[in-house]
Amino acid sequence: MKQVMRLIESLGECHRQHPFLRWVAETDDASAERKLRLGLFGAPFALSFRDANRYHTSYGAGTNLTPQQRVLSTHAVEDGSHSRLFLRDARTLNWDALTGFTAGQSLYWLTAHPHTETDRAGAIRLSAQLASTSNPRLRYPVVEAMEVAGHAFFVEAVNLARHFEEATGQALVYWGDEHLAMEDGHTRGDESLFDVELTPEERTAAMSMVTSLFADQDRRCAHLLHWGQKAEVANPVGIFAIRPDQASGPTAAEETLWETVAQLNAHSSQKPLLDRLRHQMDSLAHVSRAHRAQNQNEPLSVLRSALLFSAAETAWLPGIFRYVLSYPTPLGADEAAVNELAASLPAVVPPTGMSQDWRLLSMDNWLEWGFADTAEFLHLDEATEPARELRAAVTGHLAQASDPVVRAWVALAACAGARMRQEVAAAAAGELWPDPLAALPLLVGHGQIPPTARESLAHLLNMPVTEPAARQIGEAVEDITAAYTRCAQAEKVL
């Protein structure tokens, strides 16, 4: 472990010299508030940091934890509280007024806008790294590296908060001394428990994970520097302008995911898995129907809530497919087929182009939310906790799967669940529009699979699976369906 810690120290020293951190350090009263605005570009990472800790660093609160697991779990509880500090500062800094974002624009900014893509990728990869192993001796170096990178930033960023408080009389907590005191560059707890001899395989894995984490942090810093320097020479508010989302929904002529799967010849070893998935999806559809039947006299309210909760459940799935489902360097036809799915499946879940549905249902007028309220609903609200559990389940099962067929099945279960959750919405839409698919192409019609992915899915479903792989697939289907069921039960008509 000492070799891994020396690598973290070396990479941390290089990271501290990053031009972005030097740029942050060169702050005066006039530039502090403008530089704090860059937190909007870092919002996806800061807000989802809670989930990385809660679901992927922590081992829970059980009594049978090992001392190492207990240290990481205790540390995760404290680190997981930082996302709420970030949101408090967002309100203090009045980012609602700064951006002028509506709820729909805030949703787009946090989950799909190109300006925040680098930050979302870093957040997803961090969760995947932690989820890829249950070994605390491997999770610990990732947490320690994150602490070092975090301290390097906040030791400079605290000066922004101090200048801001001097100018306005308002204290910041996430950017201020309170948070810096938590970010001392080390994991909280008895670190001597991790002063252990790693196996050669563990050491190699830990070094690879640590190197990857610092590379992501360097990319995030470079991205922030890019926008920070633009804000120095242009109208800072202008960089938050939201371009209209022109992506279109599916058409009735396209083949749905279920229609595609039903027509494909699955290998005999996979047919029981398909039967199991269909059974699970039927159960999920029953729960969704029963839950929404309580509000059958309010079809418009049902549709609005369905679209809002659907966004919370699935808006991050395209990024998870892109950064966790796909192989960085695919080897062979099987991995190439998975990568084709990763590129195509975002069309099966509500992609960035939900603007038509959003406008038709007058979501912005109905919600009257700005950036802060939308961010809280997506990342911190108790009602959307099942949505975050779903995201964690999909990320975890993909991160732990090296077998291409297992990865494909995890994605299939995620997409199938998204489809089942919308069937009742279609019935409600039918009460209001003669052609609900044309009216609400995503809420009612999403689930179509692009023709380019059909061949890849056929290839993967026709492969034999071993008993261990079948068990892994079965566990993934159970977990993902259970998460979708909790989403259905938690959904409420607002």
Side-chain angles (χ1 to χ4, degrees), residues 7 56 117-118 120-122 124-135 138-139 141-142 199-216 218-219 257 260-261 264-270 273-274 317-348 393-415 449-477 480:
L7 176 63
H56 305 304
E117 180 69 23
T118 298
R120 286 194 302 278
I124 291 169
R125 282 194 285 253
L126 172 62
S127 289
Q129 274 195 328
L130 291 164
S132 68
T133 178
S134 61
N135 185 348
L138 293 182
R139 284 189 184 179
V142 176
T199 67
E201 293 77 16
E202 287 175 329
R203 185 171 63 251
T204 298
M207 288 182 166
S208 175
M209 294 166 80
V210 164
T211 302
S212 176
L213 184 142
F214 275 107
D216 259 335
D218 285 344
R219 277 190 288 268
L257 182 69
T260 298
V261 172
L264 296 176
N265 293 320
H267 190 273
S268 58
S269 60
Q270 294 201 48
L273 297 172
L274 283 173
L317 284 182
I320 294 172
F321 292 158
R322 186 177 303 118
Y323 298 114
V324 191
L325 170 60
S326 64
Y327 294 88
T329 305
L331 303 175
D334 301 345
E335 294 186 3
V338 169
N339 281 17
E340 177 61 40
L341 283 179
S344 302
L345 285 182
V348 182
V394 176
T395 300
H397 282 289
L398 286 176
Q400 294 160 19
S402 57
D403 187 316
V405 177
V406 176
R407 286 198 185 190
W409 265 95
V410 174
L412 181 62
C415 292
I449 187 167
T452 53
R454 196 181 195 280
E455 185 176 340
S456 295
L457 189 58
H459 172 81
L460 292 163
L461 287 178
N462 201 35
M463 293 178 61
V465 294
T466 63
E467 287 188 14
R471 284 196 299 272
Q472 196 174 0
I473 291 169
E475 291 172 0
V477 170
I480 291 170

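For the single chain, residues carry numbers from 1 onward in sequence order. Bear in mind the structure is a predicted one, so any value in this text is a computation, not a measurement.
- To the nearest 0.5 Å, atom CZ of residue Arg139 and atom OG of residue Ser134 are 6.5 Å apart.
- Looking at every heavy atom in both residues, Leu460 comes nearest to Asp334 through CD2-O, 3.9 Å.
- To the nearest 0.5 Å, the span separating CG on Asn339 from CZ on Phe321 amounts to 13.5 Å.
- For the atom pair CG of Leu341 and NE2 of His459, the computed distance is 10.0 Å after rounding to the nearest 0.5 Å.
- Pairing each heavy atom of Ser326 with each of Ala342, the nearest pair is CB-CB, 3.7 Å.
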side-chain contact (heavy atoms from CB on, under 4.5 Å) evaluation trace for Arg219 with Asp216: CA-CA 5 Å; Arg219 277 190 288 268; Asp216 259 335; 2.8 Å; yes

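- Across Val465 and Ala470, no two heavy atoms sit closer than the pair CG2-CB, 4.4 Å.
- Without hydrogens or angle criteria, Ser212 side chain to Ser208 main chain gives no donor-acceptor distance under 3.5 Å.
- More than 12 heavy atoms of other residues, nucleotides or ligands sit less than 6.0 Å from atom CD of Glu117.
- Ala128 and Ala399 get closest at one heavy-atom pair: O-CB, 3.4 Å.
- Ala266 and Leu274 make their closest contact through CB-CD1, 3.5 Å (heavy atoms, listed as atom of the first residue, atom of the second, distance).
- What you find for Ser132 and Met209 is that their closest heavy atoms are OG-CE, 4.0 Å.
- Here the OG atom belonging to Ser269 is positioned 8.5 Å from the CD1 atom belonging to Ile473, to the nearest 0.5 angstrom.
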Step by step, would you call Trp409 with Gln270 a side-chain contact (heavy atoms from CB on, under 4.5 Å)? CA-CA 10 Å; Trp409 265 95; Gln270 294 201 48; 2.6 Å; yes

Apply side-chain contact (heavy atoms from CB on, under 4.5 Å) to Arg120 and Arg322, showing your working. CA-CA 11 Å; Arg120 286 194 302 278; Arg322 186 177 303 118; 5.8 Å; no

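- Checked by atom type and distance alone, the side chain of Glu335 never pairs as donor or acceptor with a backbone atom of Pro404 at under 3.5 Å.
- Ile320 is not listed as a side-chain neighbour of Leu325, based on a closest heavy-atom distance of 4.5 Å or more.
- With sequence neighbours excluded, no residue forms a side chain to side chain donor-acceptor pair (under 3.5 Å) with His56.
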Set out, in order, the CA-CA distance, both residues' side-chain angles and the distance that settles side-chain contact (heavy atoms from CB on, under 4.5 Å) for Val142 and Leu126, then state yes or no. CA-CA 8 Å; Val142 176; Leu126 172 62; 4.0 Å; yes

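- Between the CG atom of Leu412 and the CG atom of Leu457 there is a distance of 6.5 Å, given to the nearest 0.5 Å.
- Atom NE2 of residue His267 and atom CG of residue Asn265 lie 11.5 Å apart, to the nearest 0.5 angstrom.
- No donor-acceptor contact under 3.5 angstrom links the side chains of Asp403 and Gln472, judged on distance only.
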